[in-house]
**Q** 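This is the structure I have questions about; it appears just below.
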Amino acid sequence: MILSVQRRVHDAIAEAIRQRFGMPDVPPFAVEVPPTRAMGDLAVPVAFQLARTLRKAPRAIAQELAQAVGRTPGVARVEAAPNGYLNLYLDRLAFLVPRIRQQVQPDRAPTEKTIVEHTAINPNKAAHVGHLRNATLGDTLVRALRFRGTPVETQNYIDDMGVQVADIIVGFRELERRTMDEVRQIADSTRFDYYCWDLYSKVSGWNEGDKSRLAVRAAVLHDLEHGGNDTAAMGAFIVDRIVRTHLKTMARLNIGYDLLTYEGDILRLHFWTHAFETLKAQGAVFLQTEGKLAGCWVMRIEDGSAKASAERRDDVEPATDDDESREKVIVRSNGVVTYVGKDLANQFWKFGLLGLDFRYRLFATQADGRPLWSTTSDDGDPGAPPFGHAARIFNVIDSRQMYLQALLSQALRTLGHPTEAENSIHFSYEMVGLSHATARELGYETAAESEEAKKPFVEVAGRKGLGVKIDDLLDLLTAKASAEVARRNPEFTPGDCERVGAQIAVAAIRYFMLKYSRGKLIVFDIEEALSFEGETGPYLQYAVVRANNILNKLQEREGLSEADVLAVLDQTPADEMLGQGDSLEPGEDTLWALVFEASRLDEVVEQVVRSLEFSALAKYTFGLAQTFNAFYHRYPILNEERVDRKRWRAAGVAYVRAQLTRALDLMGIEVPGRM
RNA sequence: GCGCCCGUAGCUCAGUUGGAUAGAGCGGCAGGCUUCGAACCUGUAGGCCGGGGGUUCGAGUCCCUCCGGGCGCGCCA
């Protein structure tokens with residue numbers, strides 16, 4: 001873990017600048033990691049920034065600073081590079097030994113309670129690859145925040161009152177003429193989410209067949225909202241069963257939650273009514289009296305996105321109400337609140353600004369033993385932990401909803417909560433499409449000359465039943481991986497193969513979802529996702545498994561445990577680590593370069609949380625695994641004859657293994673014992 | 001029409017708050033398993049970073065503009 005060292009170096013150089021150049025205000029500057037270890041372990045380009053104000057060449061400034069920086073703990077020497085960089089070389093042993101012994105914990109950033117909301121799948125059909133990206137990003141964010149010590153609450157929003165649920169009820173009632181008992185029986189005897197997947201696409205077709213049929217759906221929606229009738233009972237049953245299938249699917253991916261928030265409870269506990277009063281009182285919404293929106297309560301949409309409003313300057317004339325200043329309907333003229341309204345109430349509640357709270361009941365106990373709570377409108381469990389009251393909120397939701405997410409911030413600002421508006425973060429990412437090849441495999445043919453065939457991808461559409469279900473994908477990956485595991489490990493039982501195969505499948509799919517930056521549309525292709533070679537999750541697991549094997553063999557053959565090796569490091573000549581050995585080169589490929597790279601995990605996590613760009617974590621971990629693979633191919637460990645080298649290498653392997661394991665855990669990937 | 005995102009090697013993509021010689025995987029070519037597991041490693045070829053202006057000591061990265069592609073902009077969610 002390297003952040004603490006970077007901070008120390010930063011402060012030492014800032015102090016040197018103040019002293020040497022008499023600058024009370026040092027401009028912000030970065031502490032970087034230079035491209036190769038030959039150039040040093042840390043680098044500071046501050047001389048370039050100071051060149052103008054000091055009217056000196058960067059090189060001269062760097063040289064003066066190299067002199068002026070006093071002895072800094074952990075830093076062996078400071079050099080001015082000819083081009084003006086300030087390069088720092090760490091005191092390797094002082095840096096490494098405590099880290100290898102796991103005596104240096106990651107810095108705990110002082111942070112306040114954070115809520116991450118993700119997954120939020122409509123509870124009316126099976127989960128597909130689009131949902132997969134959402135849940136993987138959300139869960140990885142949760143893990144990254146926890147890693148740095150941030151208290152996180154993970155919420156999964158359940159839209160149990162929406163059109164999609166209504167459609168499924170219409171399907172059972174109108175298309176299949178099912179009674180409640182029959183629905184129950186279907187749920188007990190089929191993969192219910194798959195059954196509903198097919199039914200939903202039938203209903204969509206039925207709805208389109210005759211527009212008057214939408215009245216049936218409207219009636220169902222009405223009954224759902226009012227409750228206390230057969231429709232609501234059937235809806236509640238379906239939602240409960242589907243939610244449980246979703247949770248099961250997510251559990252396969254090592255994804256869990258703290259709280260399920262039900263839209264129905266937001267309505268029944270009158271969250272909206274309460275929020276509405278506040279919004280009216282503050283003038284955030286108003287009753288439109290003319291035009292086509294007459295009779296609706298609307299919110300005026302500020303021009304520009306959230307980004308534009310964040311950058312707004314007072315000196316800029318606010319865009320005069322040009323054309324039609326746009327308005328978003330919050331309450332329809334028939335008095336029914338829109339989705340946005342309910343979301344506003346939910347967001348206020350998350351910040352503890354609503355003045356009302358849910359009641360809670362224990363919903364389930366998750367695989368890792370963590371309890372999963374659910375909101376309820378009934379009495380609730382008095383022993384439930386406190387929820388909500390967060391200082392920051394991440395809503396993980398694809399970029400198509402940017403516009404609506406911006407409204408949440410806007411409302412908070414209008415209501416006089418600028419800090420909460422700033423901390424109301426839309427974690428936006430691009431959607432997942434299907435490659436034409438994969439769509440074809442799913443039996444979806446596009447006419448050769450159609451508009452759709454010319455597009456670069458095929459859109460996932462639950463409405464049309466077009467999409468790759470997560471469970472199908474996991475089954476496919478697991479089968480493939482299990483077969484490979486069986487081939488390589490003849491002594492494994494079928495159960496072993498299945499268990500390890502499942503771990504490999506999760507690694508493959510989670511890594512695949514994380515390796516692209518979030519602004520990139522993923523064109524999902526089954527062939528590609530099934531790969532276990534090259535830049536994939538299984539490659540990463542394999543590197544750790546190899547490290548495990550090396551350390552296990554050291555134990556078996558020589559009776560040396562990892563602890564034994566670490567214990568004697570102090571008495572072991574460190575030529576190998578210091579780069580003083582005969583056959584060693586100063587640059588890459590050395591043990592030092594490997595363990596130094598491994599120490600950067602905390603720095604990478606900080607960067608990832610700052611940028612919400614998990615591809616950086618994926619690439620870092622892959623690069624570290626690659627460096628490690630190359631290292632042990634080049635330098636023997638068990639078969640090294642010189643005992644000092646052997647010890648240091650073994651210690652390095654142990655450290656890299658620990659850091660890789662942590663990095664994989666951040667991505668929700670487990671490491672099998674063997675594979 | 002307005003807003004957001006994308007354009008980097010044959011293909012799929014990385015490229016840190018602007019910094020040192022533009023990287024990786026796949027595919028191609030040439031090598032490496034009696035040694036700590038070849039889901040691996042080594043070497044090699046392959047790039048006007050979509051085009052054009054600008055800011056800067058320095059631009060793949062920031063600004064403007066154009067081109068190409070995607071997504072939003074509903075009394076749906």
Side-chain angles (χ1 to χ4, degrees), chain A residues 28-30 32-36 39 43 45 48-49 51-52 57-58 81-85 87 122 159 162-164 263 292-293 295-296 298 301 303-308 323 326 328-334 336 338-340 342-343 398-404 406 428-431 433 455-457 459 481 484-485 488-489 504 515-523 525 528 531-536 538-543 545-547 549-554 557 603-604 607-608 610-611 613 615-616 618-620 622-623 626 629-630 632-634 636-640 653 674-675:
Chain A
F29 61 93
E32 305 171 344
V33 175
T36 72
M39 296 179 191
F48 300 108
Q49 292 167 248
R52 177 168 292 237
N83 60 6
Y85 267 97
N87 291 337
N122 270 306
D159 181 3
V163 174
Q164 296 212 18
E263 180 171 301
K292 60 178 182 177
L293 297 185
C296 300
V298 300
I301 298 165
D303 216 7
S305 63
K307 189 179 165 194
D323 36 28
R326 295 189 307 171
K328 180 69 194 170
V329 173
I330 307 299
V331 182
R332 303 178 179 94
S333 54
N334 65 4
V336 178
T338 62
Y339 149 86
V340 185
K342 286 174 277 193
D343 222 27
D398 77 58
S399 64
R400 287 175 290 192
Q401 297 216 38
M402 173 193 64
Y403 171 68
L404 295 170
S428 166
Y429 61 92
E430 273 292 337
M431 54 189 283
K455 281 192 163 191
F457 62 94
E459 193 170 353
E484 189 64 23
V485 171
R488 292 161 186 254
N489 301 276
I504 294 171
K515 72 187 223 183
Y516 300 99
S517 60
R518 61 192 168 95
K520 207 83 130 193
L521 191 146
I522 296 180
V523 180
D525 185 82
E528 213 181 324
S531 170
F532 293 164
E533 286 164 15
E535 199 200 328
T536 65
Y539 174 98
L540 301 182
Q541 290 175 309
Y542 187 70
V545 167
R546 292 293 304 274
N549 279 350
I550 292 169
L551 295 172
N552 288 343
K553 289 232 158 94
L554 191 65
R557 292 183 190 177
E603 178 200 347
V604 172
Q607 182 200 328
V608 154
R610 199 172 53 238
S611 63
E613 205 53 271
S615 57
K619 301 283 174 184
Y620 162 78
F622 175 64
Q626 226 176 7
N629 279 339
Y632 73 68
H633 267 271
R634 184 159 171 189
I637 293 137
L638 296 178
N639 300 326
E640 169 59 42
V653 169
R674 317 214 4 220
M675 64 189 279

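Residue numbering restarts at 1 for every chain, and letters A, B, ... go by the order of the sequence lines.
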**Q** Checking contacts here: which listed nucleotide (rU42(B), rA24(B), rA14(B)) is nearest the side-chain heavy atoms of Ala630(A)?
**A**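 The listed nucleotide nearest to Ala630(A)'s side chain is rU42(B).
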**Q** Measure from OH on Tyr516(A) to P on rG25(B) and round the result to the nearest Å.
**A**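 Spelled out: OH on Tyr516(A) to P on rG25(B) is 15 Å.
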**Q** Between N or O atoms, less than 3.5 Å apart, protein on one side and nucleotides 37-39 of chain B on the other: list the pairs.
**A**
from    : atom 1 : to        : atom 2 : distance (Å)
rG37(B) : OP2    : Lys553(A) : NZ     : 2.9
rG37(B) : O2'    : Tyr542(A) : OH     : 2.2
rG37(B) : O2'    : Arg546(A) : NH1    : 3.0
rG37(B) : N7     : Asn549(A) : ND2    : 2.3
rG37(B) : O6     : Met675(A) : N      : 3.3
rG37(B) : O6     : Met675(A) : O      : 3.1
rG37(B) : N1     : Met675(A) : O      : 2.6
rG37(B) : N2     : Arg488(A) : NH1    : 3.1
rA38(B) : OP2    : Arg546(A) : NH1    : 3.0
rA38(B) : OP2    : Arg546(A) : NH2    : 3.3
rA39(B) : OP1    : Arg488(A) : NH1    : 3.0
rA39(B) : OP1    : Tyr542(A) : OH     : 2.7
rA39(B) : OP2    : Arg488(A) : NH1    : 2.5
rA39(B) : OP2    : Arg488(A) : NH2    : 2.6
rA39(B) : O4'    : Arg488(A) : NH2    : 3.2
rA39(B) : N9     : Arg488(A) : NH2    : 3.3
rA39(B) : N7     : Arg488(A) : NE     : 3.0
rA39(B) : N7     : Arg488(A) : NH1    : 2.7
rA39(B) : N7     : Arg488(A) : NH2    : 3.3

**Q** Between the side chains of Asn629(A) and Tyr539(A), does any donor sit under 3.5 Å from an acceptor?
**A**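 Present: a donor and an acceptor within the cut-off.
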**Q** Do you know which two heavy atoms are closest between Pro538(A) and Phe532(A), and how far apart they sit?
**A**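 Of all heavy-atom pairs spanning Pro538(A) and Phe532(A), the closest is CG-CD2, 3.6 Å.
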**Q** Could you tell me the separation between the NZ atom of Lys292(A) and the P atom of rC73(B), rounded to a whole number of Å?
**A**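 Lys292(A) atom NZ is separated from rC73(B) atom P by 13 Å.
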**Q** Looking only at heavy atoms, which two atoms of Tyr632(A) and Arg546(A) are closest? And how far apart?
**A**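 Residues Tyr632(A) and Arg546(A), closest heavy atoms: OH-NH1, 3.0 Å.
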**Q** Quickly work out the Phe48(A) CZ to rU17(B) C1' distance and round it to whole Å.
**A**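 Atom CZ in Phe48(A) sits about 17 Å away from atom C1' in rU17(B).
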**Q** With a 3.5 Å distance limit and no angle check, can you tell me whether Asn489(A) reaches the backbone of Val485(A) through a side-chain donor-acceptor pair?
**A**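 Side chain of Asn489(A) to backbone of Val485(A), a donor-acceptor pair under 3.5 Å: yes, one is there.
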**Q** On RNA chain B, check which nucleotide each of Glu535(A) and Met39(A) is closest to and give me the residue with the more 5' one.
**A**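 Going by which nucleotide is closer to the 5' end, it is Met39(A).
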**Q** Under 3.5 Å, which N/O atoms of the protein pair with N/O atoms of nucleotides 66-72 of chain B?
**A**
from    : atom 1 : to        : atom 2 : distance (Å)
rC71(B) : OP1    : Lys455(A) : NZ     : 2.7

**Q** Of all the heavy-atom pairs spanning Gln607(A) and Ala616(A), show the shortest one and how long it is.
**A**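 Minimum heavy-atom separation between Gln607(A) and Ala616(A): NE2-CB, 3.7 Å.
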**Q** How many whole angstroms separate atom OH of Tyr620(A) from atom P of rC13(B)?
**A**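 Whole-Å distance recorded here is 25 Å.
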**Q** Should Lys520(A) be listed as having a side-chain N or O under 4.0 Å from OP1 or OP2 of rG7(B)?
**A**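 Result: yes.
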**Q** Rounding to a whole Å, what distance do you find between Glu32(A):CD and rG18(B):P?
**A**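 So the CD-P distance, Glu32(A) to rG18(B), works out to 10 Å.
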**Q** Hey, does the side-chain of Asn83(A) have a donor or acceptor N/O within less than 3.5 Å of a partner on the base of rA20(B)?
**A**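 Result: at least one qualifying N/O pair found.
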**Q** Looking at rA20(B), rC75(B), rA24(B), which one has an atom nearest to any side-chain atom of Asn87(A)?
**A**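 Minimum distance to the Asn87(A) side chain belongs to rA20(B).
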**Q** Check the distance between rG25(B)'s P and Glu528(A)'s CD and give it to me in whole angstrom.
**A**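 After rounding, the gap between these two atoms is 15 Å.
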**Q** Using the closest heavy atom to pick a nucleotide of RNA chain B for each, name whichever of Pro636(A) or Val33(A) lands nearer the 5' end.
**A**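 Here Val33(A) is the residue nearer the 5' end.
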